[in-house]
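Atom set for the values below is all heavy atoms of this structure, side chains included, hydrogens, waters and symmetry mates excluded. Every chain is numbered from 1 and lettered A, B, ... according to where its sequence line falls, protein lines coming before strand lines.
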Protein chains: 2
Amino acid sequence: MRILLVEDDPRIAADVARALTAAGYVVESVADGEEAWFRGDTEDYAAIVLDLGLPGMDGLSVLKRWRRGGSAIPVLVLSARGNWAERVEGIDAGADDYLPKPFRMEELLSRLRAVIRRAGGHAAPLFEIGDLALDPRQMKVTLRGVAVPLSPLEYRLLAYLMHRQGEVVSQLELTEHVYVQDHERDSNAIEVLVGRVRRKIGAELIETRRGFGYLVPRAEE
Amino acid sequence: MRILLVEDDPRIAADVARALTAAGYVVESVADGEEAWFRGDTEDYAAIVLDLGLPGMDGLSVLKRWRRGGSAIPVLVLSARGNWAERVEGIDAGADDYLPKPFRMEELLSRLRAVIRRAGGHAAPLFEIGDLALDPRQMKVTLRGVAVPLSPLEYRLLAYLMHRQGEVVSQLELTEHVYVQDHERDSNAIEVLVGRVRRKIGAELIETRRGFGYLVPRAEE
DNA sequence: TGGCCGCTGTCAGCTTCCTGTCAGCTTCGC
DNA sequence: GCGAAGCTGACAGGAAGCTGACAGCGGCCA
């Protein structure tokens, strides 16, 4: 799952990026507002972690611009401790959640999970399709109640596909979400990965749309 | 049911008191450590909600003094965000459970209920998984009723993992919670520690999620 | 003071598992 | 039926995690 991290303090950015990576996300870090706005508008992230105090264009403006542009990406706002005005503005500007600095990494992670989950329209912290269930907290996938051991990459791939259940996801998108940095384009790594996941959870759960990508079908009965 | 609330921030105290009252508890609110110690020692509460950052006598000392005096009142500790040292010490001082600030009221209520329920069973250990039980008040771990001698670090590691039972905890998070200050990042101390704990309590009780972290699984039968 | 003991971090070597690549095959769309 | 796209099994290199040994440190007791 790909996350855009917008934070100008390099120390905090590094810490957060490390924690997010450790939690299994693919993190892209950006330090100024203009760049953030561009990326958020042109690329696709599962969520954005946005610091408000930024050089270039400030965080709030960036957020407002995204929202004006129709983006519904879940945004978790970080802001200086106790800054109520900012908080109110943040929420008004369309932030999905708000975390005052300084914060505990776990709290960031848990709020981020919540924000992503809500955005996915899932009330429970569980993605379910037919017999297949994915629990992001435990990073555990079960098929008919039986745990399916997945490698980190396999897990990320499946999580992303299930997250976007019912949508066709291109190989390129998958590549961007599963890997940290850009990958060889002419590799068939994604195909291999899909194959491996299919072997573990059942081939019919990931459909191929030749020429377009893959999808996890919506209704499965 | 009577609850002693020890919290010096009047806003938080008011919020918590309101929520507790609404949940049907009788709340007594105290803002400084001396007073808290005195009340906790001389009166009878179903549980105590204790903030650690206090004027007068700090929360940790209060807790330690209660415990030294033989009190077994269930104590739920609130710890400031980002204060790892406090959290670590809280685990060591005999808190029944702890909750990082800021927190959701529902979570406070649910943890408080749990703490009270367990205390009602008298000496019932707090965290249980299959044959393994961890009693934070005594800092004691038992396996099939037999005490397992754990070193301080081993205990902290296990306590934290059990506290977050069912969730994957990254090595980074573990490092932050087990050690008071930052640690060498490229050390394999956590791995070694996990290995030592596993040897004592059984390897299957701590699962590895390669590339993500460790977890104590939820249902264990 | 000196020796013993338990705790803990480091290290090296080992094992296990992951994962990208490749070659050859199958399937699909036209 | 052809070519492109996708699938699959094998494989090798490497990363992540595990483990036993060891040494430094501090506490404790004689």
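- A salt bridge between B:E167 and A:R113 is present, with a side-chain N of the basic residue lying under 4.0 Å from a carboxylate O of the acidic one.
- Side-chain contact check for B:K64 versus B:W37: every heavy-atom pair is 4.5 Å or farther apart.
- Checking A:V192, A:L158, A:L161 one by one against A:V197, the side chain to side chain contact (heavy atoms under 4.5 Å, CB included) holds for a single residue, A:L158.
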Could you run through nucleotides 14-23 of chain D and give me one letter per nucleotide, 5' to 3': B if any protein heavy atom sits under 4.0 Å from the base, S if only the sugar-phosphate is that close, - if neither? --BBBBSB--

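- Closest-nucleotide positions on DNA chain C for B:E154 and A:S151 were compared, and the one nearer the 5' end corresponds to B:E154.
- The side-chain heavy atoms of A:L143 and A:D131, taken from C-beta on, include a pair separated by under 4.5 Å.
- One atom, CZ of B:R156, and another, P of C:dC7, lie 14 Å apart when rounded to the nearest Å.
- OP1 or OP2 of C:dG20 sits under 4.0 Å from a side-chain N or O of A:Y179.
- Rounding to the nearest 0.5 Å gives a distance of 11.0 Å between CH2 of B:W66 and CZ of B:R39.
- Taking 4.5 Å as the limit, every side-chain heavy atom of A:L20 sits out of range of all side-chain heavy atoms of A:M105.
- Toward the 5′ end of DNA chain C lies the nearest nucleotide of B:L193, the other residue of the pair B:L193 and A:L150 mapping further downstream.
- Nucleotide C:dC22 holds its P atom 16 Å from the CD1 atom of A:I190, rounded to whole Å.
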